[in-house]
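Quick caveat, the model's predicted, so the values are computed rather than measured. Letters A, B, ... are given to chains in the order of the sequence lines, protein chains preceding strands, and every chain is numbered from 1.
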Protein chains: 2
Amino acid sequence: MNETKIRILDAAERLIAEQGLDVSLRAITAAAGVNLAAVNYHFQSKDALIDAIVARAIEPVNRRRLEMLDAVERESADGRLPLEGVLRAFLSPLTELDPRGREHVRALMGRIYSVPDEFIRRVFDRHLAAIAERFLEAFARAVPELTAEERVWSMLFAIGAVIHVLNWSGTLPHLFKDLVDVSDGKALTERLIAFTAAGFRSLEHTRQLEQSHA
Amino acid sequence: MNETKIRILDAAERLIAEQGLDVSLRAITAAAGVNLAAVNYHFQSKDALIDAIVARAIEPVNRRRLEMLDAVERESADGRLPLEGVLRAFLSPLTELDPRGREHVRALMGRIYSVPDEFIRRVFDRHLAAIAERFLEAFARAVPELTAEERVWSMLFAIGAVIHVLNWSGTLPHLFKDLVDVSDGKALTERLIAFTAAGFRSLEHTRQLEQSHA
DNA sequence: GTCTATAGGTTGATAGAC
DNA sequence: GTCTATCAACCTATAGAC
């Protein structure tokens with residue numbers, strides 16, 4: 001790929017992570033050290049540039065998710081999958097994203113998930129629908145006791161937990177001074193897996209309690 | 001309060017919930033049926049208008065949260081608080097927000113929490129810091145086995161779960177057709193409380209397992 | 001491929017009549 | 001308090017020289 005094209009992507013990626021999707025092309029090209037017109041030459045429009053950034057951010061995460069999920073499924077002898085393993089495949093590609101020098105990609109990912117309806121629908125259809133379907137099947141094999149509805153809600157809660165941390169990652173150290181260490185992706189992963197796995201299982205338990213009372 | 005001032009607030013609230021914070025004053029005044037200059041007359045600037053909207057959305061939620069937390073604390077004989085009760089005080093004022101005719105306030109709340117760093121810092125310092133501190137104390141009395149760090153992470157995960165649902169509430173029915181019913185706030189509350197309560201407790205269990213292995 | 005120059009449209013804010 | 005009219009600044013996109 002052309003060098004200035006990459007410079008534009010890198011600069012836009014960082015600025016969008018910091019300020020949101022409504023950064024001006026002038027700010028982007030200035031940060032990239034290229035000419036304003038270069039954006040419309042290499043990409044066709046600002047929208048196309050944003051699409052390229054979204055794809056470059058999400059697709060590697062999705063590939064890693066599917067790799068890890070495939071491995072989990074290979075290792076399971078019977079039909080049942082280990083819930084923690086499925087959650088690790090789902091969450092850790094996000095939490096352990098781009099360790100050095102590109103921490104802003106985490107904030108970018110949070111931003112992409114937290115954008116107005118019209119936009120998120122496009123992103124979902126293009127980059128997330130297939131992944132969601134695949135993981136819902138995996139969750140069905142990990143916690144078959146749950147109803148399909150309960151699995152969807154649980155997955156949404158898990159996404160929310162990780163996205164919110166990514167979304168606030170830039171400012172969390174300021175909000176809770178010494179109490180949170182955002183830089184330790186692995187520790188965050190373990191906490192998230194423990195928290196969400198217990199959450200998934202709790203819905204089943206809640207329903208069993210209701211039934212035994214009836 | 002002046003009538004046109006309220007009309008502006010209502011229109012801006014709805015448009016920001018739907019499209020995000022970068023709605024133009026022209027779009028707002030057109031939707032409100034008032035003159036463009038009215039915004040700068042009644043509020044001083046667009047920023048001040050946004051601050052007013054944020055305050056009007058968050059403050060009633062905070063009041064309700066503190067009311068409910070006070071009640072939970074009054075009812076507890078010993079020093080220990082029921083975790084589910086604290087979580088209900090924390091979450092249900094969000095999930096059961098403005099039931100009829102003002103569903104967009106949920107999306108607005110999600111939007112407010114998912115905004116670039118510079119903005120969220122201002123919102124946090126002004127409207128959320130005191131609440132966070134108060135509830136961290138309550139969580140300390142509900143799950144004293146956790147470290148302060150674990151309580152902060154758990155609270156962040158719980159916020160993320162609810163905010164993500166609010167943030168996507170407008171488009172969730174499209175993404176998961178029949179599987180999710182966003183309109184049933186009470187059912188959502190119960191699921192969230194069960195999920196997050198189990199999550200809080202899981203971190204403690206994880207650590208106890210580690211210690212017993214050592 | 002990269003630049004300058006500029007078209008054509010939007011924005012927030014305000015001055016001044018009523 | 002409410003209006004019209006307008007300013008100055010910003011935006012994206014493109015035409016055309018090099």
In whole Å, I'd like the distance from the [atom1] atom of [X] to the [atom2] atom of [N].
X	N	atom1	atom2	result
L49(A)	dC11(D)	CG	P	15 Å
D22(B)	dC10(D)	CG	C1'	14 Å
L21(B)	dG12(C)	CG	C1'	16 Å
F43(B)	dT14(C)	CZ	P	16 Å
Q19(A)	dC11(D)	CD	P	11 Å
K46(B)	dA13(C)	NZ	P	8 Å
I50(A)	dC11(D)	CD1	P	14 Å
R7(A)	dG1(C)	CZ	P	16 Å

Can you figure out which of [options] approaches the side chain of [X] most closely?
X	options	answer
A37(B)	dT2(D), dC3(D), dG1(C)	dC3(D)
L25(B)	dA13(D), dT2(C), dA13(C)	dA13(C)
N35(A)	dG1(C), dA15(C), dT4(C)	dT4(C)
S45(B)	dT14(C), dG1(D), dA13(C)	dA13(C)

Distance only, no hydrogens: is a donor on one side chain within 3.5 Å (strictly under) of an acceptor on the other, for T95(B) and T189(B)? yes
Does a nitrogen or oxygen in the side chain of S24(B) sit under 4.0 Å from OP1 or OP2 of dT11(C)? yes
side-chain N/O T4(A) vs dT2(C) OP1/OP2, d < 4.0 Å: yes
Ionic contact status for R56(A) with D10(A), cut-off 4.0 Å: yes
Return the CZ to CD1 distance between R14(A) and I28(A), rounded to the nearest 0.5 Å. 13.0 Å
Hey, could you give me the CD/CG distance between E150(A) and L203(A), rounded to the nearest 0.5 Å? 5.5 Å
Between F124(A) and F176(B), is the gap from one ring center to the other below 6.0 Å? yes
Pairwise 5' ranking along DNA chain D for N40(A) and G33(B), keeping only the more 5' one: G33(B)
Under 4.0 angstrom, heavy atoms only, what part of the nucleic acid is A38(B) near: base, sugar-phosphate, or nothing? nothing
